[in-house]
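In what follows, every heavy atom counts, from backbone to side chain, and hydrogens, waters and symmetry copies are set aside.
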Amino acid sequence: MTVISVTLHNEPFNPLALLAGWEASLPGLTGELPAALASFVGRVRGRSTCGAPLAALELEHYPGMTEAQIRRCAHQAGLSHQALALRVAHRVGRAAPGEALVLVAAAADRRGPAQRACSELLETLKHEAPFWKKEWRADGTAIWLQGNTSL
Amino acid sequence: MTVISVTLHNEPFNPLALLAGWEASLPGLTGELPAALASFVGRVRGRSTCGAPLAALELEHYPGMTEAQIRRCAHQAGLSHQALALRVAHRVGRAAPGEALVLVAAAADRRGPAQRACSELLETLKHEAPFWKKEWRADGTAIWLQGNTSL
Amino acid sequence: MKLRVRLFGDLRERAGWAERWLDGSSSPTPRQLWAALATDLGDPPTLPGRIRVAVNQQFAEPSTALSDGDEVAFLPPISGG
Amino acid sequence: MKLRVRLFGDLRERAGWAERWLDGSSSPTPRQLWAALATDLGDPPTLPGRIRVAVNQQFAEPSTALSDGDEVAFLPPISGG
């Protein structure tokens, strides 16, 4: 059974501080400090998808459904790859370039399962968790992104 | 050109503190906080490869060649996957269960390159960087591991 | 039959509202509900393939039979992470 | 010709030494040097495939021609990370 933790953040969050706190909590949750920890941090880019300077990225979500969908994605990734524990933190609201958008972390007994669970969870939440991104450009114009950036 | 940083640690090190410090240094090295950061932390297991309780893991290396080989691996992974920056920290000497063995981190502009560079670097350093592991068991016996654990 | 209808992203902005209780007596499925809403948006009545449907906060088929009090959401393409 | 010879891991422990300067006049390649060392280790003279060779801290073929002052290392199977 994978231990799953999901949080949404309406203000800037420090992903590596969250990661360190979560890892330190694992012995109490899974019985020991797992041998393998894979993680990913995504941040707001300084440029829009069309290359113009970006003023901010606005993240809309569907309160309730978004958290539930992330948990479903995590549950599935945990089952598929025998992860011991999974952690997702995601920003919502208006975020400035350089600020953290997402943290995904997977703890497992071996490096392969940890890396695969982290990677799969990152992909599935991008496609299955309801978030919408609006790019605010430096000139005051804004556009809604239609779907995800390429790998 | 990938910015590469490699350190070996003869004493316990805090991999997530190193990761946070390294990420914070990146704007000065690559011009901005990269949009994608993938990382892996490996720790000493509580059990030996044959399942017996482990007292400690001893890591021997080849001073000079080990660091140079890690840098070669990182250079190659950076070229292959367009990583902006790569970080490796590796323990040497006698390490207790739960202590960090290795940190590998990759910063890139997109999630795919960051994850692939991190994963490739972890695999290649396992096979191309001279480290040798000796398992010390609770009963005082010890064996040298012959090659790597499976993925 | 009352339905709680929710819109997100560019759909929400174009409609000018995020959430409404609507009478669903003549819209027993999300697909028919969309056809009724589309007029207001100035869109064709056919639900575009890119719009996903959620009923009671779970993804659902556009042909799902709706019940009184259901929450129906129309979701433009997701871009998370 | 003097060679700086280094052993690691179980090879080092079995030999009882980590580093020695040896006369390589009759051992112009790592393969021939191994054959000379193997007698001390009680091993057959053929270099096992699992042992890798490094010359001056870079991986090298067992047939590499050695020069005076070279550092030659015999590396048992690596297990890093």
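Residue contact with chain C, scored on non-hydrogen atoms closer than 4.5 Å, is absent for A:Ala68. Neither the backbone nor the side chain of A:Leu122 has a heavy atom closer than 4.5 Å to any heavy atom of chain C. C:Gln58 touches chain A through backbone and side chain together, each having a heavy atom under 4.5 Å away. For A:Trp144, the part sitting under 4.5 Å from any heavy atom of chain C is the side chain, from C-beta outward, and nothing else.
Nearest heavy-atom pair, C:Ala54 versus A:Met65, reported as atom, atom and distance to 0.1 Å: CB-SD, 3.7 Å. The nearest pair of heavy atoms linking A:Gly64 to C:Gln57 is C-OE1, 3.3 Å.
Ranked by heavy-atom pairs shorter than 4.5 Å toward chain C, the options A:Gln69, A:Arg91, A:Glu58, A:Glu128 are led by A:Glu128.
Inter-residue side-chain proximity for C:Asp10 and A:Gln146 is flagged as met; some heavy-atom pair is nearer than 4.5 Å. In this structure, A:Phe131 and C:Ser79 have side chains that are not in contact, with every pair of non-hydrogen atoms separated by 4.5 Å or more.
Residues that satisfy the salt bridge (Lys or Arg N to Asp or Glu O under 4.0 Å) test with A:Glu23, not counting sequence neighbours, are B:Arg43.
Annotation: A:Gln82, atom CD; neighbour count of heavy atoms from other residues, nucleotides and ligands within 6.0 Å does not exceed 12. At most 12 heavy atoms of other shown residues, nucleotides or ligands fall within 6.0 angstrom of atom CD in C:Glu61.
Using cut-offs of 30° and 60° for the angle between ring planes, the C:Phe8 and A:Trp132 rings count as parallel.
Note that NE2 of A:His61 is 13.0 Å distant from CD1 of C:Ile78, once rounded to the nearest 0.5 Å.
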